[in-house]
Protein chains: 2
Amino acid sequence: MKISTKGRYGVRAMGELALYYGQGPLPLKEIAEKQGISEHYLEQLMGALRKAGLVKSVRGAQGGYILNRSPKNITVGDVIRVLEGPLTPVDCVSKDNAEACEKAGACMTRKIWEKMRDSMAEVVDNITLQDMVDDIT
Amino acid sequence: MKISTKGRYGVRAMGELALYYGQGPLPLKEIAEKQGISEHYLEQLMGALRKAGLVKSVRGAQGGYILNRSPKNITVGDVIRVLEGPLTPVDCVSKDNAEACEKAGACMTRKIWEKMRDSMAEVVDNITLQDMVDDIT
DNA sequence: ATCAAATCCGACTAAAATACTCGGGATAAA
DNA sequence: TTTATCCCGAGTATTTTAGTCGGATTTGAT
C-alpha cells in the first residue's frame, strides 16, 4: 500500500517547479540536485508529465521545465495519477475500469475498496502545488 | 498504490470466517474453494493471522479456523495491517517509524502523506467484519 | 490401531514491478 | 561552433509478488 518513487519523486519535482513558477524554465539537473534524485530517472518522469500536459519543456541551453498551469490549478492527484496510474486500492473498483465485476452483488469487500478509493482521492484532489509551497514558506 | 493479494485474499477469507462465526471451525479448503484462492497460498496468510491472534486454529480432522474475537471486534484495518504491514503511503510517515525524517521541516510533501495515511486508516479502522457480513445479507 | 482430514512449516521459484543506468540524438542559446 | 539542455529507447539489477511443493504433525472417526 505504498506509492512508488515515481509518484514521490514526481510530486517533489513538481513542488520545485511550483517554487520557481514565473521565473522561466528550471533545468532538470537543478531539480534533481535539490531533491537528491537521479537525473536520468527523473527525466523519464518529466517526460510523462509533459505528455500529460502538466509541464512544458524548453529545449537547448538555458532550457528546462515550466509548469503548464498555475500551481493553484494543479493538484497532487493530477501528478500522482499520471505517474502511478489510477488511484485505487484494487483494480475492480477503479473509475477507469469500464466493466464492473459480475460478482459485485455478492462481494463483501467491494464497498471497502470504494470507500478507500474515495477517501484517498478526496485528499490528493484537494491539495494543490500552491498549497505545498505555502506550507513551507 | 494497490493492496496486494495478501490483503485482498486475507480480508475475503476473514469475511468467510465471519459468516461462519459460531458454527465451529471452518477448514481452509472450504474458504479457498468459496473464494477461489490457492489453498497453499491462503495457508500462509492464515498462519500470519493466527500468529497475530486474529484467528485460532483447530488441528486434525474436523478442524479448521475460527475467529478469535467476535466479528464486531475485528476491523478490516486489523487484517490488512497484519498482512500488508503498516498502512501508509510512504515509510517516512508510518506510525511504526520511530525516527522522524530530519528534513521534515523543509519537506513539501510530508503533510500530504500524513493526511493520506490518516484518511486510509479512518476507513479501514471503522469497518468491522460484521459490517461486511451485514452488507451482503 | 488405523485412516483420513486437517493444520503447520520451511524451502523453492517464475513472473512482474521497481528503480534505476546507459548511450546517443536533437535543439537552441551564447 | 560549442555547450547546455531536453528527448528517447534499450538494457539491467534488485526486490516484491504470488504462488508451488513436499513432508511433518495432530486428531476425530471407524
Side-chain angles (χ1 to χ4, degrees), chain A residues 1-13 16-17 20 24-68 80 83-86 89-91, chain B residues 1-13 16-17 20 23-68 80 82-86 89-91:
Chain A
M1 234 4 222
K2 304 270 162 59
I3 355 190
S4 70
T5 54
K6 287 185 194 172
R8 287 189 283 123
Y9 291 177
V11 172
R12 282 158 56 188
E16 290 293 340
L17 287 175
Y20 202 73
L26 184 61
L28 183 65
K29 194 180 175 186
E30 275 193 52
I31 304 175
E33 267 169 19
K34 282 187 188 161
Q35 290 290 335
I37 298 172
S38 148
E39 211 176 317
H40 265 300
Y41 187 44
L42 184 56
E43 199 172 27
Q44 295 177 11
L45 309 185
M46 295 311 294
L49 293 168
R50 182 177 53 80
K51 279 172 193 157
L54 295 183
V55 301
K56 61 187 166 194
S57 61
V58 179
R59 299 183 71 168
Q62 268 61 49
Y65 292 92
I66 306 177
L67 292 185
N68 213 2
I80 291 180
L83 297 170
E84 301 263 337
V90 301
D91 282 328
Chain B
M1 234 3 221
K2 302 271 163 56
I3 15 182
S4 71
T5 54
K6 286 186 195 171
R8 287 190 282 123
Y9 292 178
V11 172
R12 282 158 56 189
E16 291 291 340
L17 287 175
Y20 203 74
Q23 303 175 64
L26 183 60
L28 184 65
K29 194 180 176 188
E30 275 192 52
I31 304 175
E33 267 169 19
K34 282 186 188 162
Q35 290 290 335
I37 298 171
S38 149
E39 209 176 318
H40 264 301
Y41 187 44
L42 184 56
E43 198 171 28
Q44 294 178 15
L45 311 185
M46 295 310 295
L49 293 168
R50 181 176 54 80
K51 279 171 194 157
L54 296 183
V55 301
K56 60 187 165 192
S57 61
V58 179
R59 298 185 69 168
Q62 270 60 48
Y65 292 92
I66 306 178
L67 292 184
N68 214 1
I80 291 180
V82 167
L83 297 170
E84 301 263 338
V90 301
D91 282 328

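Proteins get letters first, then strands, A, B, ... in listed order; numbering begins at 1 in each.
- Among the atoms of the strands shown, none is found under 4.0 Å from any heavy atom of A/Gly47.
- Rounded to whole Å, atom P of C/dC9 lies 12 Å from atom CD of B/Gln44.
- Nucleotide C/dA16 holds its C1' atom 14 Å from the CG atom of A/Asp91, rounded to whole Å.
- Note on A/Ser57: every side-chain N or O is 4.0 Å or more away from OP1 and OP2 of D/dC6.
- For the pair B/Ile3 CD1 and D/dT16 P, the computed distance is 18 Å after rounding to whole Å.
- In terms of phosphate contacts, A/Thr5 brings no side-chain nitrogen or oxygen within less than 4.0 Å of OP1 or OP2 of C/dT18.
- Closest approach to the A/Ala61 side chain among D/dC8, D/dA4, C/dC9 is made by D/dA4 (side chain taken as heavy atoms from C-beta onward).
- Atoms CZ (A/Arg12) and P (C/dA19) sit 12 Å apart, rounded to a whole Å.
- If you take CE of B/Met1 and C1' of C/dT18, they are 16 Å apart, rounded to a whole angstrom.
- Taking only distance into account, the side chain of A/Arg59 never meets the base of C/dA28 through a donor-acceptor pair shorter than 3.5 Å.
- Remark: A/Ser4 is in phosphate contact with C/dA19, judged by side-chain N or O atoms under 4.0 Å from OP1 or OP2.
- Counting to the nearest Å, the P atom of D/dG22 and the NE2 atom of B/His40 are 9 Å from each other.
- Between B/Tyr9 and the phosphate of D/dG19, there is a side-chain N or O to OP1/OP2 separation shorter than 4.0 Å.
- When the C1' atom of C/dC9 is taken as reference, atom CZ of B/Arg50 falls 10 Å away, rounded to whole Å.
- Separating the CG atom of A/Leu49 from the C1' atom of D/dC6 is a distance of 14 Å, rounded to the nearest angstrom.
- Comparing A/Tyr65 and B/Arg8 against DNA chain D, the residue whose closest nucleotide sits nearer the 5' end is A/Tyr65.
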